[in-house]
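The figures that follow rest on heavy atoms only: side chains count, while hydrogens, waters and symmetry mates do not. Residue numbers start at 1 and run along the sequence shown.
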Amino acid sequence: MLREYLTPSLPALSIALLSLASGGDTFTGLHTAFLGLPNGLLVALTIAAALRVAFFLFADSAANRNVAGWVRGLCVIGVILVMTASAASGALPGSVLSPVERMTLDAVILGLIAFKNARILRAPADSGGSGSRAPPPNPEPPRTNGLELIDLLDRYAVEEHGGLFLYVPRPEPAGSVRLQPWLLLLQARKVIKNEPWVVYPEAIRAKVRANYPQLFDDNPSRFYIYRLDRDALATLMASL
């Protein structure tokens with residue numbers, strides 16, 4: 001979940017700055033209220049951080065369309081409770097923001113989180129840009145040897161966050177060997193571990209862009225991203 005928010009982008013930067021502003025004002029108000037208590041600074045910092053983290057987690061889950069409906073409902077309740085607590089702390093003497101300003105700030109952050117989640121879809125890939133189902137792999141198995149798969153992995157496999165991912169561009173570059181016919185075999189041999197994520201080019205991390213520029217040949221409109229099992233892949237390669 002955090003990977004998308006660590007990607008440099010205007011929504012992620014705005015969420016971070018607004019969260020710091022809201023959390024900082026909460027801390028200021030609580031610190032003033034607890035100034036005479038033992039460990040008042042630590043208590044104020046802990047409460048302010050807990051409110052911000054809880055708000056972010058609840059808001060991100062509530063805006064995620066792949067989360068079960070009842071879970072999203074609970075998260076919406078959590079968002080409301082955290083926003084209420086944050087607004088109430090705005091009435092403390094040391095707070096700069098009023099309760100209404102606090103709630104407005106949280107509403108803006110919630111909108112930015114929903115906007116960012118809409119750009120990076122975690123739903124099954126669509127077949128033509130308008131549906132929500134992954135395109136079925138070619139039912140015919142590949143008729144070439146493992147060297148073709150090695151070449152395709154060299155082109156489309158990406159190492160990141162300690163894992164191996166297959167970035168399948170759509171449409172695939174013209175005039176090159178297609179990866180699509182191999183997907184059925186990779187799924188049958190349990191090399192592919194998940195339903196694909198749909199990620200649009202503007203949401204791809206800058207580090208991936210720099211290290212794997214070939215992914216962007218012919219300017220694909222989107223990517224289907226699969227997580228690969230290294231052990232299952234090694235077993236498959238040995239059998240080809």
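Counting only heavy atoms from C-beta outward, the side chains of I80 and F58 never approach each other to under 4.5 Å. Side-chain atoms of K193 and L228, non-hydrogen and from C-beta on, never get closer than 4.5 Å to each other. Between L149 and L185 there is no side-chain heavy-atom pair separated by less than 4.5 Å. A heavy-atom distance below 4.5 Å is not found between the side chains of P220 and E172. Using a 4.5 Å cut-off on side-chain heavy atoms (C-beta onward), L186 and L166 make contact. Residues L183 and Y224 form no side-chain contact, since every pair of their non-hydrogen atoms from C-beta on lies 4.5 Å or further apart. Taking the side chain as every heavy atom from C-beta outward, F223 and F165 never approach each other to under 4.5 Å. E101 places none of its side-chain heavy atoms less than 4.5 Å from the side chain of T104.
Interatomic distance, R227 CZ to W197 CH2, rounded to the nearest 0.5 Å: 6.5 Å. Separation of atoms CG (D229) and OG1 (T235) is listed at 8.5 Å; rounding is to 0.5 Å. Atom OH of Y226 sits about 5.5 Å away from atom CD1 of I192, to the nearest 0.5 Å. Going from atom NZ of K190 over to atom CG of D231 covers 15.5 Å, rounded to the nearest 0.5 Å. Distance SG/C75 to CH2/W70: 9.0 Å, rounded to 0.5 Å.
A cation-pi geometry, defined here as NZ or CZ lying under 6.0 Å from the six-membered ring centre and within 45° of its normal, holds between R209 and F216.
Using modelled atom types, no side-chain atom of S86 and backbone atom of D106 make a donor-acceptor pair closer than 3.5 Å. Here the side chain of S22 pairs no donor or acceptor atom with the backbone of S19 at under 3.5 angstrom.
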Apply side chain to side chain contact (heavy atoms under 4.5 Å, CB included) to residues L147 and I150 and explain how you reach the verdict. CA-CA 5 Å; L147 293 177; I150 292 175; 4.3 Å; yes
Give the C-alpha distance, both sets of side-chain angles, the deciding distance and a yes or no for side chain to side chain contact (heavy atoms under 4.5 Å, CB included) between M103 and V100. CA-CA 5 Å; M103 295 195 73; V100 174; 5.9 Å; no
Where do V43 and L30 land on the side chain to side chain contact (heavy atoms under 4.5 Å, CB included) test, with the steps shown first? CA-CA 8 Å; V43 172; L30 292 173; over 6 Å; no
F55 and M83: CA distance, side-chain angles, deciding distance, side chain to side chain contact (heavy atoms under 4.5 Å, CB included) verdict: CA-CA 8 Å; F55 177 81; M83 289 180 67; 3.6 Å; yes
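Smallest separation of non-hydrogen atoms from A59 and L110: CB-CD1, 3.5 Å. S221 approaches Y200 most closely through the heavy-atom pair O-CD2, 3.4 Å. Residue S239 comes nearest to R189 through the heavy atom pair OG-NH1, 3.2 Å, listed as atom of the first residue, atom of the second, then distance. Across all non-hydrogen atoms, the minimal contact from Y212 to A157 is CE2-O, 3.4 Å. Closest heavy-atom contact between R155 and D217: NH2-OD2, 2.9 Å.
Note on V76: it does not cluster hydrophobically with V82, by side-chain heavy-atom contacts below 4.5 Å among ILVMFWY residues. Both V108 and L97 belong to a common hydrophobic cluster when Ile, Leu, Val, Met, Phe, Trp and Tyr are linked at side-chain heavy-atom distances under 4.5 angstrom. If you chain together hydrophobic residues whose side chains sit under 4.5 Å apart, F27 and L51 never meet in one group. The same ILVMFWY cluster, assembled from side-chain heavy atoms under 4.5 Å apart, contains both L41 and L45. L105 and V53 fall within a single hydrophobic cluster, where Ile, Leu, Val, Met, Phe, Trp and Tyr are joined by side-chain heavy atoms under 4.5 Å apart, directly or via other members.
Contacts of N194 classified as side chain to side chain donor-acceptor pair (under 3.5 Å), with partners at least two apart in sequence or in another chain: none. Partners of D25 by salt bridge (Lys or Arg N to Asp or Glu O under 4.0 Å), not counting sequence neighbours, listed by chain and number: R102. With sequence neighbours left out, the salt bridge (Lys or Arg N to Asp or Glu O under 4.0 Å) criterion links D218 to no other residue.
Within a 6.0 Å radius of CG in N39, no more than 12 heavy atoms belonging to other residues, nucleotides or ligands are found.
In this model, no donor atom of one side chain and acceptor atom of the other lie less than 3.5 Å apart for T26 and R52.
Salt bridge absent: K207 and E160 never bring a charged side-chain N and a carboxylate O closer than 4.0 Å.
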